[in-house]
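Here is the structure we will look at, set down as structure tokens.
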There are 2 protein chains.
Amino acid sequence: MGDLLAKNVDIDERYHHGNLRLALIAAAELELAENGPERFSLRACARRANVSHAAPAHHFGDAAGLLDALSALGFERLCKTILVEMEAAEHTPEVQLASSAVGYVRFAIENQHLFKLMFVNEFRPNASVSLILNAERAFEILVDVIAKQTGVAPLKTPDGWIDIAALWAAVHGYAHLLI
Amino acid sequence: MGDLLAKNVDIDERYHHGNLRLALIAAAELELAENGPERFSLRACARRANVSHAAPAHHFGDAAGLLDALSALGFERLCKTILVEMEAAEHTPEVQLASSAVGYVRFAIENQHLFKLMFVNEFRPNASVSLILNAERAFEILVDVIAKQTGVAPLKTPDGWIDIAALWAAVHGYAHLLI
DNA sequence: TTGTATTCTTGACACTGTCAAGATGAGTGT
DNA sequence: ACACTCATCTTGACAGTGTCAAGAATACAA
């Protein structure tokens with residue numbers, strides 16, 4: 001099940017929680033994994049964190065804010081998963097490219113609900129800055145790996161853009177159809 | 001905006017609506033297009049069809065049932081869009097394959113919310129029979145078009161499966177990243 | 001210690017999906 | 001024409017939801 005955020009957060013009962021923000025994101029991930037996105041509920045996350053039903057509002061504004069923050073963490077984990085996969089593999093351009101794709105798909109499988117959520121939230125009008133930044137970091141990893149394979153900076157040439165689109169589309173579509 | 005279902009349905013005020021089922025699906029599509037999936041509400045669909053809040057239950061069971069039916073209609077329209085695109089193009093195997101992909105992507109763009117909904121609902125435990133059938137019909141179109149390109153029945157050979165997966169993944173991923 | 005901000009709770013509101021009960025009309029057989 | 005049955009739709013109720021305003025509890029700086 002990978003590294004659920006919940007493992008690193010202790011939920012206690014002080015009035016001032018200390019790190020309620022993290023605790024709520026962790027609770028949100030568990031809720032999402034257990035109940036799916038349809039039955040996701042802010043109040044249930046609050047209950048899970050032993051906190052009143054209106055507490056999340058102060059940290060995240062509304063429900064979309066919490067899911068936005070969770071998505072941002074998801075992209076962070078996606079980057080980590082890809083990099084770990086690449087590190088473990090042979091350091092030739094071809095193998096590095098392939099293993100980045102493997103990492104991408106592996107993340108999608110191990111975090112199905114989160115994966116879907118991320119790409120629902122990414123291109124939203126009110127996406128947060130940290131969400132966009134983390135998503136761009138993931139994108140850069142892909143660009144780098146292609147650059148080392150083809151030997152040119154892919155964003156500089158029209159063909160490079162096509163390469164990226166084709167590859168990302170293939171990997172993303174594959175992951176999406178798998179789950 | 002393509003052919004919204006709502007155009008073909010007249011909403012009047014008899015007690016027995018006549019074709020409330022269709023009217024509700026049409027209303028659901030409009031609601032989805034206007035408010036997005038987050039704010040989708042059964043009761044709002046009922047209001048739009050000038051019908052009491054509990055009327056949908058009798059036709060669709062619950063909210064998922066209505067969205068399931070809408071998804072089924074979505075796949076029907078997807079097939080139609082692809083076939084129209086293919087018909088308008090040159091009838092050589094290559095061009096037919098390409099134009100089926102164009103139709104696929106065009107549908108995704110013109111029916112963004114519906115497109116997403118369809119692939120959320122397709123592989124669900126309780127998907128309806130008609131939904132599955134319509135989705136399979138769309139799949140068959142793809143298989144046919146590949147068969148005519150490669151000259152072999154793609155489902156019979158392992159390489160054929162890989163061709164299909166690669167192509168669908170590419171087209172689907174491309175469409176998904178576009179919207 | 002006192003005062004101010006931050007963090008969280010309480011209570012309320014309108015809204016949602018779903019259920020049970022009943023009203024309404026369509027269709028069928030006589 | 002009538003009565004009967006069944007599918008269709010309404011009404012009313014319930015628990016649960018997101019969100020807001022007001023206030024309580026705590027932390028922190030002066």
Side-chain angles (χ1 to χ4, degrees), chain A residues 9-32 34-71 113 117 120-121 124-126 128, chain B residues 9-32 34-71 113 117 120-121 124-126 128:
Chain A
V9 179
D10 54 339
I11 297 172
D12 53 20
E13 292 156 11
R14 286 167 297 176
Y15 190 104
H16 278 46
H17 188 288
N19 50 1
L20 180 55
R21 194 189 151 82
L22 255 188
L24 282 173
I25 297 180
E29 181 177 14
L30 288 175
E31 284 291 321
L32 202 64
E34 289 182 9
N35 301 336
E38 335 279 3
R39 298 189 194 177
F40 181 84
S41 139
L42 252 188
R43 280 167 117 106
C45 294
R47 277 194 296 267
R48 190 155 221 152
N50 286 318
V51 116
S52 85
H53 63 259
H58 194 266
H59 288 275
F60 302 102
D62 59 349
L66 175 51
L67 293 177
D68 181 288
L70 177 56
S71 299
H113 289 302
L117 178 75
V120 167
N121 276 41
R124 251 223 294 251
N126 293 339
S128 72
Chain B
V9 179
D10 55 339
I11 297 171
D12 54 19
E13 292 156 13
R14 286 166 297 177
Y15 190 105
H16 277 47
H17 187 289
N19 51 1
L20 179 56
R21 193 189 152 82
L22 256 186
L24 281 173
I25 298 180
E29 183 176 13
L30 288 176
E31 283 291 321
L32 203 64
E34 290 182 9
N35 302 336
E38 334 280 2
R39 298 188 194 177
F40 181 83
S41 140
L42 252 188
R43 280 168 117 108
C45 294
R47 277 193 296 267
R48 190 155 220 152
N50 286 318
V51 115
S52 85
H53 63 259
H58 194 267
H59 288 275
F60 302 101
D62 60 348
L66 174 52
L67 293 177
D68 181 287
L70 177 56
S71 299
H113 290 301
L117 178 75
V120 167
N121 276 41
R124 253 228 285 257
N126 292 340
S128 73

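As a basis for the values below, the full set of heavy atoms in this structure was taken, side chains included, without hydrogen atoms, waters or symmetry mates. These numbers were taken from a predicted model, which means no experiment stands behind them. First the proteins, then the strands, lettered A, B, ... as listed; each starts at 1.
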Atom pair distance, as rounded to whole Å: CG in A:L42 and C1' in D:dC20
14 Å
Can you tell me if the side-chain N/O atoms of A:H58 get under 4.0 Å from OP1 or OP2 in C:dC8?
no
In whole angstroms, how far is the P atom of C:dT7 from the CG atom of A:L22?
14 Å
Rounded to the nearest Å, what distance is computed from the CZ atom of residue A:F40 to the C1' atom of nucleotide C:dT16?
17 Å
Pairing of A:E29 and A:R48 as salt bridge, 4.0 angstrom limit
no
Tell me which nucleotide among D:dT10, C:dT18, C:dG17 gets nearest to the side chain of B:A55.
D:dT10
Taken to the nearest whole Å, CZ/A:F60 to C1'/D:dT19 is 16 Å
Starting at atom CZ of A:R47, determine the distance to atom C1' of D:dG18, rounded to an integer number of angstrom.
13 Å
Counting just side-chain N and O atoms, does A:H59 come under 4.0 Å of either OP1 or OP2 of C:dC8?
yes
Tell me: CG of A:N35 to P of D:dT17, nearest whole Å?
10 Å
To the nearest Å, how far apart are B:H53 NE2 and C:dA21 C1'?
12 Å
Per atom distances to the B:A54 side chain, the nearest of C:dC8, D:dT10, C:dG17 is D:dT10
Rounded to whole Å, please give me the gap between CZ in A:R39 and P in C:dG17.
14 Å
Any sub-3.5 Å donor-acceptor pair from B:N35's side-chain atoms to B:F40's backbone N or O?
no
Select one nucleotide: of C:dT7, C:dT9, D:dT10, the one nearest the side-chain heavy atoms of A:V51.
C:dT9
Exam field: side chain A:N19 to backbone A:L22, donor-acceptor pair closer than 3.5 Å
no
Side-chain N or O of A:S41 versus OP1/OP2 of D:dG16: is the shortest distance under 4.0 Å?
no
Closest non-hydrogen contact found for B:A49 with B:L20 is CB-CD1, 4.2 Å
Looking only at side-chain atoms of B:R43, point me to the closest of C:dC8, C:dG17, C:dA12.
C:dG17
